[in-house]
Amino acid sequence: MFFMNYDFKKIEKKWQEQWAEAGIYAANDNSAKPKYYALIEFPYPSGDGLHVGHIRSTTAMDIISRKRRMEGYNVLFPIGWDAFGLPTENYAIKTGIQPAIVTRQNTDVFRKQLKALGFSFDWKREINTTDPNYYKWTQWMFLRFFEKGLAYKARMPINWCPKDKIGLANEEVVGGKCERCGTPVEQREREQWMLKITAYADKLLEGLKHVDFLPEIKRQQEHWIGRSEGFKIGFKLDGLGVLGTAVEIFTTRLDTIFGATFVAVSAETAKKWLEAGWESPDEIKKYIEQVLAERKNAGFEATEKSGIFSGVQAVNPVNGETVPVWITNYVLGGVGTGAVMGVPAHDERDFEFAKKYNLPIRAVVGPSSGLVFADRPFVQDGFLHHSGTFTGMSSAEAIPAISKALEARREVRYRLRDWVFSRQRYWGEPIPLIYCEKCGWIPVPEKDLPITLPEVKDYKPRDDGQSPLASVEEWVEVKCPKCGGLARRETDTMPNWAGSSWYFIGYLMTENLKSREPISEQIKSEEVQNKLKRWLPVDWYNGGMEHVTLHLLYSRFWNQFLHDEGLVPVSEPYRKRTAHGLILAAGGVKMSKSKGNVVRPDDLIAEFGADAMRVYEMFMGPFNQAIAWDEHGILGTYRFLERVFRLATQEKNPTTLQTELARLLELTVKKVGEDIESLSFNTAVSAMMILINKIQAAGGMPRDSWKTFLLILAPFAPHLTEELWEKFSGEGSVHLHPWPAFDEQALAAALVKIVVQINGKIKTRLSVPAGLVEAEITQLALADPVIVVQLKEATVRRIVFVPDRLINIVV
RNA sequence: GCCGAGGUGGCGGAAUGGCAGACGCAGUAGACUCAAAAUCUACCGAUCGCAAGGUCAUGAGGGUUCAAGUCCCUCCCUCGGCACCA
């Protein structure tokens, strides 16, 4: 061994080529080893190229994949492109260049950049959602939903920019205004394809119990689904004239019904009464119109509560009491029955309303100790008071009892809405349906899939809100597959979420995607089913917190459906899901092209190398927290790697290992292994830095110890460690060598430092053999000169002793 | 407004209730050098003190404890999510 420079450029290029040639990261479909499926959210290949945030999250999963390989797993760590979407389309609108060409250019750049970072992807399994071979399957799967009645057409409001005359995706609406021109966005009704995800609401909730997702991820999904169990109850009306029957209210808090002091109905409900012939003063009519108009315009923001007394009275069925009916703006027509019982003592909104209009507040539920109404509503469950025969019951007992007495109808409601699956856009999967005047909506026969995107001149959505595909007459006009008559293709395309809803399955059968065999036969074949059984579920899926509600829910739904169809062996696609923090631009704002603050990694990689870049991004801060980008620190990780290289290749490394260094090495092996599992990469790097600093001070380390160290550094800095491993004539690749075990016994130190406190303040430290008992330490502590001086005039009242750590003398 | 995460040196950040500031960046001094870079060594929260040492410090204020950045209560601020879901 002789001194040499850390020539990362040469080293990184050399090993990237050798790994590719040897195929050491390819997942094996026929291995006897246990499988491990590690997944990242596949990137959208934007024109900006890879940015520093991609590197952080991808390096993390790369580290986990590499560690698993070393632990003896057959690892699948795939990569692909989620390439349909607006930025590419907008670029095409501006330049007229075909989105397919832009996509190819962008993916070429991304692929090159990812390869330069040494990620251990199985590149043979690369997929692209815009590849007709891929979206043929997406279209086929959509038709399965259609055949099961889970895809349907409905009139839905879309965001419409009146100036640009186009429909906007939600992402293009910022604060109720068009992202490009700033014009306030209007809601327009349009026929849209919908997927009935609500049919899977309970299954999606139930499935969460069996997966290992971060608690906050589960909570967000639960909240998004928003299951609530309630009851519908009729309140008889008095004063609506001939209409005077009943108003139906919905509540989840039947136990508070004795506290109802009014009934609040939505403007929509009141309007229906008017249409049915209710005669009411102009004042009320005006108010109703005003609320409806406000709702249309505001849409997004909550307005101040208001209401008007309708003149109508309602009868509370539980006690026959008469309460006033108010028409309000805070009860929504589309939610529940569009009417609620107002219980100000036990509901924040009713309380606010009652305060404003001086309506009575009657508390009927409280903690067991007694019923105290403070200046805020009591919204928890409790015990009933002033509630007739139900007084004294707990909320949990009272709800079924009251519902039985009233014969109330129980109803389960969800916040979750069905998935709007249509986009009036070009750059997405065409929806493979044909409309025939005679036969209705007819699916495209499987032999005609994929329906590929036709070339168009202009990619801009049309003035009438239709997709540009509607202008391609020769594409739109087809024969009805059923009757042979003249029919028209659906011109809407699928949303971005479609292709990403099943891509983790796509990776498992990339060869089959290319095949011309019918999908319905292929997917049920033993060959494909065996692959799916081998790899599913994904063992660890990491991605952004921003995808935790939509993408994660959609893909779970999609997979559960395929499972119910008998096409996929597992009902939950992801066993474990974690999330990373965003990398923000300097100043803590999001990086975006429009702000011009996107940081590209290329220059830094050229200057410090891929390994230094990887280690730095892991070292920056806690992985699960957002962090502002600052490249100054990369010099520190470069110095660390350079130091590793220099010390490991120095002329003479000692042949024996000092006891303390040996112990530190064991500790570091343990800590790095544990920190990787808990995504604490920053402290793992720090631990390795501490070790290297100690090695520097000790003048070096024997070869075998170096090899152990290389093994734990390997997932972080794969090129450098592979190079040194070769120089140390290690067997094969460092990345396929077993992960080192650590010796618990070697971790124990012979000497420990004991902190001596007086009244909790540190006074001195004792260096003593490990394992001394309280009496021995007390004796030593009290004899210490510093302590003797401090205790001169005090009496010891108490001694607190923590073995091998601390003694506190209380005086 | 509600839910969640967070607030620690000049900066990024460490810390199973038990030595606050690990590790790194920036900075200061020294060694090496003709010199510089690189590297190595030491120092590096504030404050009082010649020093030994003391005092104050983890957003603010209370509390529990022998001991609190960590647990409890009240409040302030930042970020993310949701927006009247009955």
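We use all heavy atoms of the structure for the numbers below, so side chains are in, but hydrogens, waters and symmetry mates are not.
Spacing between A5(B) and A57(B) at atom P, rounded to whole Å, works out to 28 Å. Annotation: C50(B) and U58(B) have their P atoms spaced 28 Å apart (nearest Å). Nucleotides C19(B) and A26(B) place their C1' atoms 26 Å apart, quoted to the nearest Å.
Its glycosidic angle being within 90° of 0, G9(B) falls on the syn side.
In this structure, I777(A) places its CD1 atom 19 Å from P of G18(B), rounding to the nearest Å. Residue H580(A) contributes atom NE2, which lies 16 Å from atom C1' of A5(B) at whole-angstrom precision. The distance from atom CG of L635(A) to atom C1' of C25(B) is 8 Å, rounded to the nearest whole Å. At whole-Å resolution of the value, CZ in F353(A) and C1' in A86(B) are 14 Å apart. In this structure, the CD1 atom of I217(A) is 13 Å from the P atom of A5(B), given to the nearest Å. When the C1' atom of C23(B) is taken as reference, atom CG of L641(A) falls 14 Å away, rounded to whole Å. Straight-line distance from the CG atom of D255(A) to the P atom of A86(B): 14 Å, rounded to whole Å. The distance from atom CG of D675(A) to atom C1' of A22(B) is 13 Å, rounded to the nearest whole Å.
Heavy-atom nearest nucleotides on RNA chain B were determined for T251(A) and for I690(A), and the one closer to the 5' end corresponds to I690(A). Take the nearest nucleotide of RNA chain B for W224(A) and for R805(A): the residue whose nucleotide is more 5' is R805(A).
With distances taken from any side-chain atom of V340(A) to the nucleotides C56(B), A86(B), G81(B), the minimum falls on A86(B). In the set G4(B), A86(B), A15(B), the nucleotide with an atom closest to the side chain of T683(A) is A15(B). Nearest nucleotide to the side chain of V802(A), out of G13(B), G18(B), G24(B): G18(B). Of the listed nucleotides (C82(B), A22(B), G24(B)), C82(B) has the atom at the smallest distance from the side chain of H223(A). Side-chain atoms of P622(A) lie closest to G13(B) of the nucleotides A22(B), C25(B), G13(B).
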Exercise. Reading nucleotides 61-76 of chain B from the 5' end, what letters show protein touch, with B for base, S for backbone sugar-phosphate only, - for no heavy atom under 4.0 Å?
Worked result: -----B----------
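If you look at F608(A) and F8(A), their ring centroids are not closer than 6.0 Å. Here the two rings, on F619(A) and F681(A), have centers that are 6.0 Å apart or farther.
If you check A57(B) for Watson-Crick or wobble pairing at under 3.5 angstrom, you find it has no partner at all.
In this structure, S228(A) reaches the A86(B) phosphate: one of its side-chain N or O atoms is under 4.0 Å from OP1 or OP2. Within the structure, a side-chain polar atom (N or O) of K761(A) is placed less than 4.0 Å from OP1 or OP2 of C56(B).
Side-chain contact annotation: D202(A) with Y414(A), donor-acceptor N/O pair under 3.5 Å present.
Evaluation of atom-type donor-acceptor distances gives a pair under 3.5 Å for the side chain of K305(A) against the base of C84(B).
Across residues 610-618 of chain A, not one residue has a non-hydrogen atom less than 4.0 Å from an atom of RNA chain B.
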